[in-house]
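Each residue takes its place number in the sequence, starting with 1.
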Amino acid sequence: MPHIKVKPFDSSIVEEKIPQSSLLTFRAQAIGADEELWGVEYGGEEFLLQYKPDSNGAGQLKYDKVSRPLKVNLLKEALAKTAEELNLEIQSSNIAISHTKAPLSSAYFKKIEDFATVVYPKEKISVEVGFGSGKHLLYQAQKNPDTLFIGLEIHTPSAQQVLKQIELQGLDNIWVVNYDARLFLEMLPSNSCEQIFVHFPVPWDKKPHRRVISPSFLEESMRVLRKEGRLELRTDSDNYFWYALETFFGEDVPKTHVEIRKNEALEVTSKYEARWLRQEKDIYDVYVRCLTESEPKTLEIDFNFNAVKYKEGIEERLTKKPMVFDGFFIHFERLFKIGKDQLLIKCAFGSFDRPEHKYILIGKEECRYFASVPVKTMVNFKAHQKMKEIFLEGDLSV
């Protein structure tokens with residue numbers, strides 16, 4: 001994680017520097033904690049840097065995970081330029097910037113919000129969830145040039161590595177999305193996919209609610225798959241295999257065809273799969289074929305807060321306890337004050353098993369998500385409407 005450790009300094013200088021800064025936009029101080037978030041605009045991106053002093057008065061400056069952009073070099077440059085603007089004395093850092101790495105092409109990297117209006121360049125679409133090293137994803141793209149492959153990976157270094165390989169191998173039919181697949185599928189049109197690959201997902205035996213495979217994921221997969229398209233699960237975990245079968249044969253599952261295979265060799269093998277095979281671990285394949293066409297999905301969703309503005313005392317009335325409603329939740333996790341009349345709220349909301357994590361910036365003139373709006377799902381929209389209702393009515397202790 002890129003970060004800088006600095007000698008003690010008075011962080012109020014941030015506010016003094018903002019009017020002349022080409023980088024810093026605001027300073028948000030945590031309410032009830034010794035922590036700050038600094039708004040940054042750099043390289044065409046808007047995100048947050050986190051500053052936290054230690055017990056000795058020195059501090060650590062790093063990026064905020066919720067708002068971070070994908071490009072690590074951009075984060076490192078922003079950290080370095082911030083330290084320079086504030087004349088901070090650096091004790092240590094790990095932000096050496098590489099000038100030899102292949103650039104991340106915007107042609108192949110897509111943000112989740114792009115899919116609200118995206119135009120697909122090919123008729124055929126396949127999705128790979130958690131592509132890891134990308135070996136299988138790159139192989140499929142080479143073998144099927146008539147298909148657009150959308151690779152989903154929340155591990156940022158893996159996403160960056162595959163973007164470099166796309167450039168090096170001269171491929172033009174892969175999009176990389178650094179996002180949670182459980183939310184992403186809701187952005188795809190119905191009947192649009194040939195295949196959905198879920199190869200060796202994290203088993204999450206101790207936290208099963210974090211598993212990719214779930215009844216809701218299966219439902220969305222069957223919606224986005226064309227008739228005769230299929231969801232492919234490949235796992236070395238006995239627990240995950242049996243859990244998946246139970247999910248695929250659940251009471252509310254629509255009509256499907258399920259095929260099971262064991263220890264079948266694929267044309268391409270990842271280094272992890274090769275290791276497991278050497279250890280003589282069993283490999284399970286479960287193929288779920290879609291047998292029906294789905295109705296088109298249309299969502300008219302507006303994530304504007306309209307008339308919501310900062311009200312004096314809002315931070316005192318806002319509960320930090322999770323609020324549970326019918327089918328969704330809202331949790332205002334942490335509050336940050338910006339000057340006298342702005343509030344930055346770190347929050348989680350939406351689905352219980354697929355929560356959205358965002359910041360909400362409330363000022364005297366407007367209220368908006370920072371730095372991007374949520375994924376356009378109905379459950380997120382319901383949570384948004386409830387938050388807007390809470391803010392407008394002023395009853396914040398629900």
Exercise. Going through the distances and angles, do S216 and S214 end up as a side chain to side chain donor-acceptor pair (under 3.5 Å)?
Worked result: CA-CA 5 Å; S216 57; S214 69; 3.1 Å; yes

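- Side-chain contact between Y139 and K135 is absent, with no heavy atoms from C-beta onward closer than 4.5 Å.
- Within a 6.0 Å radius of CD1 in I260, other residues, nucleotides and ligands contribute more than 12 heavy atoms.
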For this session: Decide side chain to side chain donor-acceptor pair (under 3.5 Å) for H257 and Y287; before the verdict, give the C-alpha distance in whole Å, the side-chain angles of both, and the deciding distance to 0.1 Å.
Result: CA-CA 8 Å; H257 178 273; Y287 303 141; over 6 Å; no

Exercise. Stepwise, does the side chain to side chain donor-acceptor pair (under 3.5 Å) test hold for D302 with N304?
Worked result: CA-CA 6 Å; D302 182 353; N304 288 323; 2.9 Å; yes

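- Under the 3.5 Å distance criterion, with hydrogens and angles disregarded, a donor-acceptor pair is assigned to the side chains of S11 and E36.
- Applying the salt bridge (charged side-chain N to carboxylate O under 4.0 Å, His left out) definition to pairs two or more places apart or across chains, those involving residues 170-194 are D180-R182, E186-K297, E186-R354, E194-R226.
- Side-chain N/O atoms of K227 and S294 include no donor and acceptor closer than 3.5 Å.
- Under the 30°/60° scheme for interplanar angles, the aromatic rings of F115 and Y120 are found to be tilted.
- Between the side chain of D54 and the main chain of G59, no donor-acceptor pair closer than 3.5 Å is present.
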Exercise. Would E259 and R261 satisfy salt bridge (charged side-chain N to carboxylate O under 4.0 Å, His left out), going step by step from the backbone distance to the final call?
Worked result: CA-CA 7 Å; E259 181 181 349; R261 300 181 187 179; 2.7 Å; yes

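- For the residue pair R27/S12, the side-chain donor-acceptor check at 3.5 Å is not satisfied.
- A donor-acceptor pair under 3.5 Å is formed between the side chain of Y240 and the backbone N or O of I213.
- One side chain, N380 or E356, offers a donor N or O that lies under 3.5 Å from an acceptor on the other.
- The neighbour count for Q20 CD, taken as heavy atoms of other residues, nucleotides or ligands under 6.0 Å away, is above 12.
- Under the 3.5 Å distance criterion, with hydrogens and angles disregarded, no donor-acceptor pair is assigned to the side chains of E41 and T25.
- A donor-acceptor pair under 3.5 Å is formed between the side chain of D64 and the backbone N or O of V66.
- Using bins of under 30°, 30° to 60° and over 60° for the plane-to-plane angle, the ring pair F305/F391 lands in the tilted bin.
- Between H3 and L79 there is no side-chain heavy-atom pair separated by less than 4.5 Å.
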For this session: Would you check, one step at a time, whether the test side chain to side chain donor-acceptor pair (under 3.5 Å) holds for E128 with H199?
Result: CA-CA 8 Å; E128 180 160 355; H199 285 189; 4.6 Å; no

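- Side-chain atoms of H384 and Y369 include a donor-acceptor pair closer than 3.5 Å.
- Looking at D114, its side chain never comes within 3.5 Å of a backbone N or O of K110 through a donor-acceptor pair.
- A centroid separation of 6.0 Å or more is found between the aromatic rings of W175 and F149.
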Donor-acceptor pairs under 3.5 angstrom involving side-chain atoms of residues 325-333: please list them, not counting sequence neighbours.
| residue | atom | partner | partner atom | Å |
| --- | --- | --- | --- | --- |
| H331 | NE2 | K320 | O | 2.8 |

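- With a 6.0 Å cutoff to the six-membered ring centre and a 45° limit on the axis angle, R211 counts as a cation-pi contact of Y243.
- Ring planes of F26 and F370: perpendicular class, angle over 60° (limits at 30 and 60°).
- When the side-chain contact (heavy atoms from CB on, under 4.5 Å) test is applied to K207, the partners found at least two apart in sequence or on another chain are W204, H209, R210.
- The six-membered or imidazole ring of F9 lies near that of Y51, with a centre-to-centre distance under 6.0 Å.
- Judged by distance alone, with hydrogens and angles left aside, the side-chain atoms of T82 form a donor-acceptor pair with the main-chain N or O of A78 at under 3.5 Å.
- Taking the side chain as every heavy atom from C-beta outward, L231 and M222 approach each other to under 4.5 Å.
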Exercise. Yes or no on side chain to side chain contact (heavy atoms under 4.5 Å, CB included) for R289 and L291, after CA distance, side-chain angles and deciding distance?
Worked result: CA-CA 6 Å; R289 185 155 51 93; L291 301 179; 3.7 Å; yes

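- Looking only at distances, no side-chain donor or acceptor of D236 sits under 3.5 Å from a matching main-chain atom of D282.
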